[in-house]
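When a ligand or atom number is given, it counts from 1 through the structure's own listing order. Since the structure is predicted, the reported quantities are computational estimates derived from the model, not experimental observations.
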Amino acid sequence: MPPLFRKLLIANRGEIAIRVVRTARRLGIATVAVYSDADASAAHVEAADEAVRIGAAPPRESYLNIDAVISAARKCGADAVHPGYGFLSENAEFAEACASACIAFIGPPPAAIRAMGLKDRAKKLMAKAGVAVVPGYLGAEQSLEKLSQEAERTGFPVLIKAVAGGGGKGMRRVDAPDEFAGALEGAKREAQSAFGDDRVLIEKYVTRPRHIEVQIFADTQGNAVHLFERDCSLQRRHQKVIEEATAPGMSKSMRAAMGAAAVAAAKAVNYVGAGTVEFIADASEGLKVDRFWFMEMNTRLQVEHPVTEMITGLDLVEWQLRVAAGEPLPWKQDELRSRGHAIEARLYAEDPQSGFLPSVGQLERLRLPQAGDGVRVDTGVRENDRVTMYYDPMIAKVIAWDEVRETAAAKLAEALSETEIAGVRTNAGFLVRALRHPDFLAGDVDTGFIDRHRDALLRRPPDAQLFARAALLVVDDRGRRARRNDPWDAQDGFRLASEARETIELACDSARASIVVVHHRGGGLRIEISGQPVVPLTHAGAIRLASGEIAVMAEGNSWIFAVEDPFGEDDSAIASADRLLAPMPGKIVRVFARAGERVKRGQPLVVLEAMKMENTLVAPADAEIAALEVAAGDQVDGGAVVVRFVLPRDSAAT
Ligand code: ADP
């Protein structure tokens with residue numbers, strides 16, 4: 001049999017580009033990667049058979065540039081384009097441009113993309129097709145007066161959503177009438193800057209909301225089926241972090257009702273290919289067939305599609321390609337079976353300790369879990385690659401399958417706890433704690449889970465054993481330097497004494513300690529903090545970062561220790577632990593804290609508008625504020641000091 005297509009261009013980057021290459025290769029289809037200047041030596045470029053440069057680093061000039069992608073496809077003779085997710089995947093013009101160039105677009109017809117493209121239009125269409133939608137306001141009239149009236153009528157709490165929304169941008173929950181005007185302003189500002197369209201709609205905020213979505217597949221012959229549901233209720237900033245299939249607590253009748261609604265939605269827009277219909281369910285009294293509503297349809301492959309693949313044994317990308325080549329779906333709804341349970345965790349370069357802000361930098365260490373035995377790892381980066389502010393900061397998706405949910409969760413937590421990543425902050429430890437949380441294990445999930453359990457999910461402050469582990473690395477480094485006979489170390493004469501002591505000053509998260517290392521004659525050493533002996537956490541990995549700081553890694557967490565240079569003139573290194581920096585350039589839009597105030601870990605301090613989002617910078621630890629270095633309206637550079645804290649001495653608990 002000839003392959004479905006001769007040559008497939010993947011108009012995307014990172015893990016999804018690599019994942020598509022894998023399937024194409026198995027099907028005998030040649031692959032072409034595209035790349036921006038920031039990605040010239042990226043993993044996805046290496047993975048494909050050939051690669052074409054499409055422009056500069058900013059997405060608008062490369063991955064979102066329709067002309068550049070089409071001409072790359074023409075140039076290399078591709079007969080099909082897979083858009084992945086994000087970027088051009090839900091862009092009807094791009095699908096049309098592919099058609100005009102006689103290239104198969106691996107996705108639905110442009111009309112279906114358009115029909116589902118705007119949230120208000122999609123909801124109207126679904127209501128007409130008999131699918132329940134969340135009550136609210138979808139009108140064209142956008143004055144503050146009208147919108148607040150409609151919010152009142154809908155009943156608080158309400159959710160303001162950008163009509164053109166996506167990625168949680170332009171979305172605000174409002175609990176009371178007096179907060180409405182401020183929230184509307186924020187939502188419109190964000191929507192305008194992200195989508196160039198500030199229109200909003202209003203929805204009733206569903207209580208105990210669970211995000212449950214249904215994977216659908218349709219072919220060109222008019223067949224449509226669903227491939228069960230995924231629960232994506234574990235979210236931060238209204239965005240998914242842990243997804244699973246099937247949904248906990250799902251009954252047969254609920255699945256049948258949601259599946260039927262999803263297939264009806266697909267049929268209403270003459271859908272073809274893989275798509276996802278997202279619903280919001282009110283789980284205040286368990287899942288009920290009359291308490292779920294259509295939110296939106298994503299007319300593409302989802303990030304979280306692997307959990308569906310693992311419970312069905314199907315390769316969704318293969319079926320996207322087969323359907324695009326005109327093959328009919330071979331299954332009837334009642335022939336489809338799911339087996340076991342799969343859970344996916346999105347491993348992000350972001351800092352849960354500071355409100356999940358993206359963290360950019362070089363992956364100075366990257367040890368991902370071992371794949372195999374029901375564990376799948378999809379990644380698009382390698383050690384020493386950079387996470388930049390241009391693209392999504394996802395490092396990898398780690399997915400685990402097992403016969404039952406609890407064992408799948410345990411397996412995934414175990415896999416994630418093996419990761420060692422340094423150079424950027426990650427959520428690995430956070431994911432491990434979420435997956436091991438008793439409420440998660442009990443299936444008691446809704447979109448408020450992360451906020452509700454924040455304290456239990458955030459990483460603990462460094463204890464004495466971690467300080468001692470970091471100190472050991474300093475000792476090792478100095479020892480190595482001394483052995484190399486570096487003249488700089490000639491001052492380091494302590495090793496000649498019979499029992500020599502050295503003191504190492506370290507700071508991490510607003511905790512600080514003086515660690516005394518006692519070297520015994522004839523080798524061996526002992527560590528003391530505040531006069532107490534401490535056993536270092538030796539199983540934790542530790543590396544010296546390019547910044548000079550030390551990362552200590554255990555159970556997916558990493559603690560970053562600033563080291564005071566004993567021979568240095570000032571202690572700027574150690575001072576870096578007492579300040580909060582702007583993670584990226586942007587504008588300060590709000591300031592909540594005052595100098596002299598005592599703040600709790602996780603407490604919002606300022607709002608920074610950057611990367612088209614309003615990012616709340618929070619206190620990384622319980623601390624006292626020494627000074628605020630910014631005011632509302634200030635433009636700041638990435639790395640600028642925003643807040644200074646008072647650092648208590650020897651605050652590491654023994
Ligand atoms: P986006 O397209 O920007 O990601 P969605 O409409 O998909 O926005 O919503 C994102 C998330 O926000 C949902 O997964 C859900 O957790 C929450 N959400 C959306 N609508 C509602 C609602 N009416 N009530 C409660 N939560 C909601």
How are the rings of His437 and His453 set relative to one another: parallel (under 30°), tilted (30 to 60°) or perpendicular (over 60°)? tilted
Taking side chain as C-beta onward, heavy atoms only, is Glu90 less than 4.5 Å from Arg114? no
Interatomic distance, Ser338 atom OG to Leu227 atom CG [nearest 0.5 angstrom]: 10.5 Å
Centre-to-centre under 6.0 Å for Tyr348 and Phe356, is that the case here? no
Looking at Phe440, is Arg405 sitting on its ring face, NZ or CZ under 6.0 Å from the six-membered ring centre and within 45 degrees of the normal? yes
For residues 154-174, the salt bridge (Lys or Arg N to Asp or Glu O under 4.0 Å) pairs (sequence neighbours left out) are Lys161-Glu203, Arg172-Glu190, Arg172-Glu614, Arg173-Asp175
Do any nitrogen or oxygen atoms of ligand 1 lie under 3.5 Å from a protein nitrogen or oxygen, and which ones?
from	atom 1	to	atom 2	distance (Å)
ligand 1	2 (O)	Lys119	NZ	2.6
ligand 1	2 (O)	Glu296	OE2	3.1
ligand 1	3 (O)	Gly166	N	3.4
ligand 1	3 (O)	Gly167	N	3.2
ligand 1	3 (O)	Gly168	N	2.6
ligand 1	4 (O)	Gly168	N	3.4
ligand 1	4 (O)	Gln239	NE2	3.2
ligand 1	6 (O)	Lys119	NZ	3.2
ligand 1	6 (O)	Lys161	NZ	2.9
ligand 1	7 (O)	Glu278	OE1	3.3
ligand 1	7 (O)	Glu296	OE2	3.0
ligand 1	8 (O)	Lys119	NZ	3.3
ligand 1	14 (O)	His211	ND1	2.6
ligand 1	14 (O)	Gln235	OE1	3.4
ligand 1	14 (O)	Gln235	NE2	2.7
ligand 1	16 (O)	Gln235	OE1	2.6
ligand 1	16 (O)	Gln235	NE2	3.4
ligand 1	20 (N)	Lys161	NZ	3.0
ligand 1	20 (N)	Glu203	OE1	3.4
ligand 1	23 (N)	Glu203	OE1	2.9
ligand 1	23 (N)	Lys204	O	2.9
ligand 1	24 (N)	Val206	N	2.9

